[in-house]
Amino acid sequence: MSGNNKIYTNLVLSFLVGIILSCIPLLMNKNAYYQDDMQTQYMPTFYSIGSMLLNYHQIPFMTTHSWFGGNIVGEFQYGIFNPVELVLYSFLPIIQSLPGGAGFLAVIHYGMLSSGIFFLSRTLGISNKYSYLAAITVVLNNFIFYWFAESWFPEFSSIAFMVWAVAFVFRAKDSKWDFLAAVVATYLTITSGFPQTIVAFGLCGLIYSGMEIYQNRNLPSCLPFISLCLGGMAALMAVMPTLAMVLVSDRSTSDMVTVTSMIPSLGDLLVVFNPIHPSNMQYPGERSVKASIYYIAWFVLPALIFTNWQSVRRIPQKNICIFVCVIIFLVLTQGTGGINVMKLPARFAVFFQIFLTLSTLYLWDHYRDKELSKVKIYCFIVVLITTAIMSILQYPHKIIGISLIVTMCLYFGIKFSQKEMGTVKIISITILFAILSRISGGMHNNIFPKWDFHPKISEKINLYSIDSEYSMFLVDNVFNSSWKEHGNDYIKYIWFGNIGLLSGRSYVNGYSPIKQYALQKRFFRFVHGLTPMEAGIGGLELESTTGMSFFDLMRVKNVIATNGVLADLFAREKPKQWKELEHSNPYSRVFTHTLPNEKLPGTLSWPLEGLSAIETTNPQATLETITITSRSKDTNKLIFARTSWPGYEATFNGTSVPVSTVAGFFLAVDLPNDGSKGTVKLSYHLPYIHITLTSLGLSIFLTILIMNMNFLWNRSYHISLKNELRR
């Protein structure tokens, strides 16, 4: 019992370590965790989900407030099936500050990550001292800070769950409660919403499971694999809606990927012992990353060079699995951009860094040299000096800083290897190097836009509510100095991405990494909901089936165009019924007109003639009911101002009727060709819901069943099996 109490105490302390260290950037800059995608994609959506939970006690799966990215459940990265994330989101409306909310989420997840790394380290047999060092090193990791904690947040949150999941999968056969924890942690990792983390975790779990099964060839050795399968089965409800979205999306190309972008330089990736070596990675648009984002820890090189490799003997399979994963993740960083789920190879760098740190500390903890040989010391010096020269040749303007850091690495590396350093000393040195590394790169990645958006938040956001009209924002470029200078002023008048969700009003723009293909092709240039110059003209074109303009079918009453080419072009090409409003806004011009379908109920957009209908109930994003009081025999198709997604179903007088798509992205309902009257019920259901609920129920049943198979958890049974195998 005392041993359990000790591990619980250390877990709490390591959680607090993560909290404390991650709070320091907030003391220096309130926007430390509120950069780039966190401003335009994640925080507006996280906040809106929290508002729905707090005020309406509902989890939003779909919203009509945004045409582009309104399929929240299908976008996957918002983690709405992860109960831990939902609890955290529910606190956001209380905080009432987007940078504050971002900081809150980041700090809590840093605590989870820190304690998870400690727990994984102990599971791998690393001592308390070096487990704390591993936790601190990962918390201070520049790659996690620069790319995930302040921008690609779901990868950060998913990594925080993943390290726990890896630890419990390694322990899955130890006890029924470890097995249960492995199933739950696998579920939480998958539902937190980032594909690269799922790939990394899946590879690690499958490698370990295969090694266990091959080595022992008994039923208990299958438990890690079974825990992976059961956790994955339970998480299918989060994955299947995304797979359904892919059927109508275009993932063959990406705004962010070319054959050379987002692939870290192998040489820079391996410079893990020079904290201010400016890492090089080509970003789309021919921009280079100049921050030291690949720094891992100063002790990696001395620990590897001064390890007594001849004394290495029977290493546990879980540690061998970690070693193998280091190589795999290193390879994955170097060119998997052509495989869809592995796009942006740089995202795998963090797994290489974490697993390399764990491997190094395990080897150092168990197999360190008792005496230093001159050959190894000379080797250490030569490698450091060689890489220092390479860094200086690449960045000659940093010769003083690089020389100073290499000298410090040389001094502390030899001290580290000569004797057992105290915990406080080794942690202090690690923090010192991390500070120098962070200073050399700045508080955030230099290629991120230096936006400072704090849009006004509506008191109560209801994503399930329906508006009768929309606004379309024509904005082609926000990656410029004007947005940096006037960010908060601009955002009062021009929305892009998911920022509009905070207003509680409906608009066309949004943020969708998956992208409804026909909608994206007509209106949007990037995942951010930015529009090309011809987007306004595309909305004025007539749709062939109805003869109405696309803007009218979408119920776009207002077009807000950024001053310049976009506004001038729309003003020149607009029909006479569109009028420009007089206003004092210095950043955009507003055009409006009377919608021809404004009297139709709910989101019904067409037909304008031959049909009379009234709202039966208050329309919502996932459910709309209208009663047709009369219609002509040739009025058979109803078109709704909604983006068409798999999962929509319709009934007419209680009988299922077909749902179709018009122009590739409008949702339509096909009625019988008899002019009959009655009630049309349009509803959205999670795609494959029956399959995923069955899978969830089966996962729960099998987990309980396996936990109650007492012979699996009988240690004497395990021992007898091993003895029998040996004989």
Side-chain angles (χ1 to χ4, degrees), residues 35-37 39-41 44 66-69 255-256 283-287 447-456 469-503 505-512 515 519-542 549-552 554-593:
Q35 304 289 333
D36 198 48
D37 282 359
Q39 298 186 53
T40 57
Q41 180 183 9
S66 169
W67 280 72
F68 196 57
D255 309 321
M256 296 287 290
Y283 195 79
E286 302 303 316
R287 292 176 291 171
I447 67 170
F448 282 175
K450 308 302 186 294
W451 294 332
D452 188 17
F453 292 154
H454 304 284
K456 185 178 179 181
E469 60 188 44
Y470 293 83
S471 294
M472 174 70 173
F473 291 84
L474 301 182
V475 50
D476 64 340
N477 180 27
V478 293
F479 300 95
N480 55 52
S481 58
S482 296
W483 282 86
K484 176 184 176 182
E485 184 179 353
H486 304 292
N488 276 320
D489 222 16
Y490 258 102
I491 213 63
K492 295 176 184 177
Y493 306 102
I494 305 171
W495 301 342
F496 69 101
N498 289 337
I499 293 173
L501 291 180
L502 297 172
S503 71
R505 292 179 289 168
S506 297
Y507 62 110
V508 174
N509 308 62
Y511 197 119
S512 178
K515 301 179 297 186
L519 181 67
Q520 182 266 339
K521 185 178 180 181
R522 175 163 289 274
F523 291 110
F524 301 110
R525 176 180 295 162
F526 299 126
V527 297
H528 311 79
L530 303 180
T531 54
M533 184 173 63
E534 61 273 11
I537 307 304
L540 295 174
E541 292 177 357
L542 301 183
S549 73
F550 282 92
F551 277 157
D552 284 343
M554 299 169 77
R555 288 182 175 257
V556 173
K557 183 177 180 65
N558 304 307
V559 168
I560 296 97
T562 310
N563 281 345
V565 175
L566 292 178
D568 294 341
L569 180 62
F570 190 82
R572 185 172 65 248
E573 300 293 333
K574 66 178 177 60
K576 61 182 179 180
Q577 62 264 33
W578 284 81
K579 307 297 181 183
E580 183 173 356
L581 296 180
E582 295 290 336
H583 64 296
S584 58
N585 172 9
Y587 309 113
S588 68
R589 295 163 67 181
V590 179
F591 305 88
T592 188
H593 78 304

Item to complete: Output all residues satisfying salt bridge (Lys or Arg N to Asp or Glu O under 4.0 Å) with Lys492, sequence neighbours left out; order by chain, then residue number.
Response: Asp489
Practice prompt. Take Asp37 and Tyr511 through the test side chain to side chain contact (heavy atoms under 4.5 Å, CB included) and record every step on the way to the result.
Written response: CA-CA 10 Å; Asp37 282 359; Tyr511 197 119; 2.9 Å; yes
Discussion item. Is any side-chain heavy atom of Arg589 closer than 4.5 Å to one of Phe591?
Written reply: yes
Practice prompt. Measure the spacing between CD of Gln520 and OG of Ser512 and express it to the nearest 0.5 Å.
Written response: 9.0 Å
Worksheet item: Where does the angle between the aromatic ring planes of Phe68 and Phe524 fall among parallel (under 30°), tilted (30 to 60°) and perpendicular (over 60°)?
Response: parallel
Fill in: side chain to side chain contact (heavy atoms under 4.5 Å, CB included) between Trp578 and Val559, worked out
CA-CA 9 Å; Trp578 284 81; Val559 168; 3.6 Å; yes
Worksheet item: How long is the span from the CG atom in Leu474 to the CG atom in Leu530, to the nearest 0.5 Å?
Response: 11.5 Å
Discussion item. Restricting to non-hydrogen atoms, name the atom on His593 and the atom on Asp552 that form the minimum distance, rounded to 0.1 Å.
Written reply: NE2-OD1, 2.7 Å
Worksheet item: Under a 4.5 Å cut-off applied to non-hydrogen side-chain atoms, are Leu519 and Met554 in contact?
Response: yes
Practice prompt. For the pair Trp67 and Phe523, evaluate ring-ring contact (aromatic ring centres under 6.0 Å, His included) and give the outcome as yes or no after the intermediate values.
Written response: CA-CA 11 Å; Trp67 280 72; Phe523 291 110; 8.5 Å; no
Worksheet entry | Met533 vs Asp476 side-chain heavy atoms within contact, under 4.5 Å | no
Fill in: Pair Thr40-Ile499, side chain to side chain contact (heavy atoms under 4.5 Å, CB included): steps then yes or no
CA-CA 6 Å; Thr40 57; Ile499 293 173; 4.2 Å; yes
Discussion item. Quick check: do Met472 and Thr531 have side-chain heavy atoms less than 4.5 Å from each other?
Written reply: yes
Item to complete: May I ask you to decide if Phe496's main-chain N or O and Asn509's side chain share a donor-acceptor pair within less than 3.5 Å?
Response: no
Worksheet item: Is any side-chain heavy atom of Phe570 closer than 4.5 Å to a side-chain heavy atom of Leu540?
Response: yes
Item to complete: Tell me, please, whether Phe550 has Arg522 positioned over its six-membered ring: NZ or CZ under 6.0 Å from the ring centre and within 45 degrees of its axis?
Response: yes
Fill in: Tyr507 and Trp495 aromatic ring geometry - parallel, tilted or perpendicular at 30°/60° bounds
perpendicular
Practice prompt. With sequence neighbours excluded, tell me which residues meet side chain to side chain contact (heavy atoms under 4.5 Å, CB included) with Glu534.
Written response: Pro532
